[in-house]
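Worksheet: the structure to be examined is printed underneath.
Just the heavy atoms: all of them, side chains too, but no hydrogens, waters or symmetry mates, feed the values below.
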Amino acid sequence: MYLVFTTNSFPWLTLFVVLPIFAGSFIFFFPQRGNKVIRWYTICICILELLLMTYAFSYYFESDDPLIQLKEDYKLIHFFDFYWRLGIDGLSIGPVLLTGFITTLATLAARPVTRDSRLFYFLMLAMYSGQIGLFSSQDLLLFFIMWELELIPVYLLLSMWGGKKRLYSATKFILYTAGSSVFLLMGTLGIALYGSNEPTFYFETLVNQSYPLALEIFFYIGFFIAFAVKLPIIPLHTWLPDTHGEAHYSTCMLLAGILLKMGAYGLIRINMELLPHAHSIFSSWLIIVGAIQIIYAASTSFGQQKLKKRIAYSSVSHMGFILIGVCSISDLGLNGAIVQIISHGFIGAALFFLAGTSYDRIRLVYLDEMGGMATPLPKVFTMFSILSLASLALPGMSGFFAELVVLFGIITGQKFLLIPKILVTVIMAVGMILTPIYSLSMLRQMFYGYKLFNVPNFSFFDSGPRELFVSISMLLPVIAIGFYPDFVFSLSVDKVEAILSNYFYR
């Protein structure tokens, strides 16, 4: 048994993975009725973790270095040759920080939860550990374990604190995600066992591994199915609207802000980086799927009368831009996809939070029953309007820059012919036109008109300090990235250049 730390002697990443679930286990020693104490204890853990991450990455992470940094290598099981390998690079640092930020705000947003609060907050911290572990894994088997660690907390959060159809939605979620995980496990074992007497799951070794083209395509399809469910990609997306429609809005924040990004991250880290030849073959077809997804999900969103389902389908539409960016095989396209991952993490989480706070006030879930909320709830109206405009890619917001860069990535990409590029660009432009239709229609149905004025004995209270803080905390990064996108670009651009130059332009 041996332990190796490089870059810095302190095991920062191990601390970030272990701290939430370890500290969260002490919640069960708190009294059952101490909801306020439990809530503040959980919030303090999240804030401490976020501050430690910010400190460690500020001092020990070099943004111009495309190699893995803050490496940790610990042999856990001699017999099985299983390692605890962690490290971050320009591709993973953004999702790691996003996870810390969104989880902290989601914990603060969960204040109305009082039933079984000890288990609720522990599950949120368990998700926190699993997500940090996945984004910082440098071992394929460890990646799979962290991937699976997410399933149980999400299932329990949905089935115990969801809406009326929560059991149906939770069952659908577990069937889709657990079923797709079988393909991830098969691909993981297949890659590790191929061409070697000693199986290896180490990313740095697997990056230099070559496979027969037919076998590489087989591995690629297996991994892609797993990531397509999580991203999600049509037609494997139907679990998402049901899950969002029934989950508590703090859970929705974690799903939209982080969980979907796990699929996008896996698509880049494994399908693109480890299986470049197969990715080059499939990229043309996947760009078509991404373009169709943008149009299909935007059109379907317009037909949804349930508020959270409309937002959920908008998320599916925006994931199409990530798929196109990843498959464009260009610096601009892949960087744009990474910016879109961060951008949608903030915007999607904020919209679900605002949808939940609106439900707390009016107890209505269907848009055709709403109306007239702007006058009694001006703060909710203002924040919802600004973030809906951010979702439809208003210039000056992060979504605009992310989608624009993906668009330029397709246009300037060297892999595709002119006519296909023009067709995909036109379809993407149509999707960008459809987005304002369902977003502005949603705002009109919620906030304008006179329906709620006619409800007798209806009392309203506008956003309080906690809700304004959570909303503004997610809005500020959206504006900051919109005006200064180079902040995100500076983290990923060298890593993106290394991926493309090593595997696609050689």
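Panel note: side chain K308, backbone A247; a donor-acceptor pair is recorded below 3.5 Å. E72 places a side-chain N or O within donor-acceptor distance of the main-chain N or O of W12, the cut-off being under 3.5 Å. The main-chain N or O of P436 is never found under 3.5 Å from a side-chain atom of S439 such that the two would form a donor-acceptor pair. Although no hydrogens or angles enter the test, the distance criterion places no donor-acceptor pair under 3.5 Å between the side chain of S250 and the main chain of A110. Checking side-chain atoms of E49 against main-chain N and O of G100 turns up no donor-acceptor pair under 3.5 Å.
Once rounded to the nearest 0.5 Å, the distance linking CG of L184 with CZ of F227 reads 5.5 Å. If you take CG on L97 and CG on L50, they are separated by 7.5 Å, rounding to the nearest 0.5 Å. Expressed to the nearest 0.5 Å, how far CE of M253 lies from CG of L351 amounts to 11.0 Å.
Within the 4.5 Å cutoff, no side-chain heavy atoms of R85 are placed close to those of F203. Side-chain contact check for I386 versus V478: every heavy-atom pair is 4.5 Å or farther apart. Looking only at side-chain heavy atoms (C-beta outward), Q209 and I191 stay at 4.5 Å or farther from each other. Q340 has its side chain out of reach of V405: every pair of non-hydrogen atoms, C-beta onward, lies at least 4.5 Å apart.
Checking Q131 against E150 by side-chain atom types alone, a donor-acceptor pair falls below 3.5 Å. Of the N and O atoms on the side chains of T14 and W84, at least one donor lies less than 3.5 Å from an acceptor on the other residue. Looking at S181 and E148, their side chains do bring a donor and an acceptor atom within 3.5 Å of each other.
Here H237 and Y296 bring their ring centres to under 6.0 angstrom of each other. In this structure, F219 has its ring center at least 6.0 angstrom away from the ring center of F223. The ring of Y155 has its center no closer than 6.0 angstrom to the ring center of F173. Aromatic rings from Y211 and Y194 are positioned such that their centres are separated by under 6.0 Å. Taking the six-membered ring for Trp and the full ring otherwise, the centers of Y313 and F302 sit at least 6.0 Å from each other. Residues F135 and Y265 place their aromatic rings such that the two centres sit under 6.0 Å apart.
In F487, the CZ atom is not crowded: 12 or fewer heavy atoms of neighbouring residues, nucleotides or ligands sit closer than 6.0 Å. Around OH of Y202, the count of heavy atoms belonging to other residues, nucleotides or ligands within 6.0 Å exceeds 12. For F82, the CZ atom is densely surrounded, since the number of other residues' heavy atoms within 6.0 Å is greater than 12. In this structure, I152 places its CD1 atom where only 12 or fewer heavy-atom neighbours from other residues, nucleotides or ligands lie under 6.0 Å away.
Among residues two or more places apart in sequence or in another chain, the ring pair (Phe, Tyr, Trp, His ring centres under 6.0 Å) test is passed with Y128 by none. Under the side chain to side chain donor-acceptor pair (under 3.5 Å) criterion, D494 pairs with no residue, sequence neighbours left out. By the side chain to side chain donor-acceptor pair (under 3.5 Å) test, S492 pairs with N335, sequence neighbours left out.
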Evaluation steps, salt bridge (charged side-chain N to carboxylate O under 4.0 Å, His left out), between R269 and D89: CA-CA 11 Å; R269 176 67 75 191; D89 57 10; 2.8 Å; yes
